[in-house]
Visitor: 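Below are the structure tokens for one structure; questions will follow.
For clarity, every value in this text was computed on a predicted model and none was experimentally measured. No hydrogens, no waters, no symmetry mates; every other heavy atom, side chains included, goes into these values. All residue numbers refer to positions in the sequence shown, counting from 1.
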Amino acid sequence: MTAMVKAEGVHKSYGAAHILKGIDLEVAPGEVFCLIGPSGSGKSTFLRCINHLEKVNAGRLYVDGHLVGYRQKGDKLYELKDSEVARKRRDIGMVFQRFNLFPHMTALGNVMEAPVQVKGEARAVARARAERLLDRVGLADKAGNYPSQLSGGQQQRVAIARALAMEPKLMLFDEPTSALDPELVGDVLDVMRDLAEEGMTMVVVTHEMGFAREVGDSLVFMDGGVVVESGHPRDVLTNPQHDRTKSFLSKVL
């Protein structure tokens, strides 16, 4: 079975700052893969490398068996054109900390936009799917509302519906609840739980340890740009093997 995500010795630097220092990991199809660790450990950067929002400096990243951002000929790698990268990126949904909704569009308009503009889908088809997706995230009654009329949790659920509108095979979540008021977090996690039950492959950067324990299939603890410890979430969270993991979890659990 081809891994949905495979990283081989992935490095990423910004000038002198070495952010990722040789990441090796695999995410199986249908798996919920959680990344935890302190701020600045490289989690979000790695997530952005998966869909080529950031270019890796060394190593290889594959999504569903295909090299991310490059084509290999013989021993050489050739960078793909922006149009080719954009086409492949359609298969990967991403949900950010900040919701990044278009403020001048309703919830329905936000969810319809990419299929119409990027895929050239008929508006009626895109609208029917957008209505279904808003219903799925519990916001059928908010279809006509603008982002400014929605709570943070509602905006984040619209953002998830928007990512799903492109029918991705992989969903990336970058701390999707960290900007939310505590009482709004549960609604967003419930939507993610439902997605997991439906078999969506998900890579989730999170501080929600309860979600990682309940829903995650694998958990990686990153620090300083390396994978310090990995395993089943319950094992890592209840019986960490490394002192650095123990120290981190003692502060967040």
Visitor: Has the side chain of Glu167 got a donor or acceptor atom that lies under 3.5 Å from a matching backbone atom of Ala165?
Guide: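 Checking the backbone N and O of Ala165 against the side chain of Glu167, no donor-acceptor pair under 3.5 Å is found.
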Visitor: Is there side-chain contact between Met200 and Met192, with heavy atoms separated by less than 4.5 Å?
Guide: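 Side chain of Met200 against side chain of Met192, heavy atoms only: no contact under 4.5 Å found.
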Visitor: What I'd like to find out is whether the side chain of Tyr70 reaches to under 4.5 Å of the side chain of His52, using heavy atoms alone.
Guide: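 Tyr70 reaches His52 side chain to side chain.
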Visitor: State whether the side chain of Arg193 and the backbone N or O of Val215 hold a donor-acceptor pair below 3.5 Å, judged by distance alone.
Guide: no
Visitor: Enumerate donor-acceptor pairs with a distance under 3.5 Å from any side-chain N or O in residues 26-39 to protein atoms, sequence neighbours excluded.
Guide:
unit_1	atom_1	unit_2	atom_2	d
Glu31	OE1	Ala28	N	2.7
Glu31	OE2	Ser218	OG	2.3

Visitor: Between Gln149 and Gln154, does the side-chain contact (heavy atoms from CB on, under 4.5 Å) criterion hold? Intermediate values first, please.
Guide: CA-CA 9 Å; Gln149 300 168 312; Gln154 289 168 336; over 6 Å; no
Visitor: For Lys43 and Val220: C-alpha separation, side-chain torsions, deciding distance, then whether side-chain contact (heavy atoms from CB on, under 4.5 Å) applies.
Guide: CA-CA 10 Å; Lys43 310 180 301 294; Val220 157; over 6 Å; no
Visitor: Of the non-hydrogen atoms in Ala107 and Leu134, which two are nearest, and what is the gap between them?
Guide: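 Scanning both residues, the minimum pair turns out to be C-CD1, 4.2 Å.
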Visitor: What is the minimum heavy-atom distance between Leu101 and Pro147, and which atoms define it?
Guide: CB-CG, 3.9 Å
Visitor: Do Gln156 side-chain atoms and Thr177 backbone N/O form a donor-acceptor pair below 3.5 Å?
Guide: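 Not a single qualifying donor-acceptor pair exists.
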Visitor: Work out which heavy atom in Val188 is nearest to a heavy atom in Gly153; give both atom names and the distance.
Guide: CG2-O, 3.7 Å
Visitor: Looking at side-chain heavy atoms only, is the closest gap between Leu195 and Arg136 below 4.5 Å?
Guide: yes
Visitor: Using modelled atom types only, decide if a donor and an acceptor are shared between the side chain of Asp24 and the backbone of Gly9 within a distance under 3.5 Å.
Guide: yes
Visitor: Looking only at heavy atoms, which two atoms of Ala163 and Gly93 are closest? And how far apart?
Guide: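 That would be CB-CA, 4.1 Å.
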Visitor: Please confirm whether the backbone N or O of Lys55 pairs with a side-chain atom of Lys12, one donor and one acceptor, at under 3.5 Å?
Guide: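 Side chain of Lys12 to backbone of Lys55, a donor-acceptor pair under 3.5 Å: yes, one is there.
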Visitor: If only atom types and distance count, is the side chain of Asn51 paired as donor or acceptor with the main-chain N or O of Arg89 below 3.5 Å?
Guide: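 A pair under 3.5 Å: no.
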Visitor: Can you tell me how far apart CZ (Phe46) and CD1 (Ile19) are? Round to the nearest 0.5 Å.
Guide: 14.5 Å
Visitor: Just by distance, do the side chain of His242 and the backbone of Arg244 share a donor-acceptor pair under 3.5 Å?
Guide: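 No.
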Visitor: Go through the steps to decide whether Ile50 and Val68 satisfy the test side-chain contact (heavy atoms from CB on, under 4.5 Å), and finish with yes or no.
Guide: CA-CA 7 Å; Ile50 293 175; Val68 173; 5.5 Å; no
Visitor: More than 12 foreign heavy atoms under 6.0 Å from CG of Asp141: is that the case here?
Guide: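 Yes.
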Visitor: Would the distance check show the side chain of Lys88 and the main-chain N or O of Gly69 forming a donor-acceptor pair, the cut-off being under 3.5 Å?
Guide: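 A pair under 3.5 Å: no.
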Visitor: If we only count heavy atoms from C-beta on, is the Met166 to Pro115 side-chain gap below 4.5 Å?
Guide: yes
Visitor: Quick check: closest heavy atoms across Gly225 and Ile23, and the distance to 0.1 Å?
Guide: O-CD1, 3.4 Å
Visitor: How far apart are the C-alpha atoms of Ser250 and Lys246, what are their side-chain angles, what is the distance that settles it, and do they pass the side chain to side chain donor-acceptor pair (under 3.5 Å) test?
Guide: CA-CA 6 Å; Ser250 72; Lys246 289 174 189 169; over 6 Å; no
Visitor: Give a yes or no answer on whether the side chain of Glu229 reaches the backbone of Gln241 with a donor-acceptor pair at less than 3.5 Å.
Guide: yes
Visitor: Is the number of heavy atoms from other residues, nucleotides or ligands under 6.0 Å of Lys169 NZ greater than 12?
Guide: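 For Lys169, atom NZ is crowded (more than 12 foreign heavy atoms under 6.0 Å).
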Visitor: Quick one: are Met222 and Leu20 in side-chain contact, heavy atoms under 4.5 Å?
Guide: yes
Visitor: Check whether any side-chain heavy atom of Val63 sits under 4.5 Å from a side-chain heavy atom of Asp91, and report yes or no.
Guide: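 The answer is no, as the side chains (C-beta and beyond) never meet within the 4.5 Å cut-off.
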Visitor: Do side-chain atoms of Asn110 reach the backbone of Met105 as a donor and acceptor pair under 3.5 angstrom?
Guide: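 Checking the backbone N and O of Met105 against the side chain of Asn110, a donor-acceptor pair under 3.5 Å is found.
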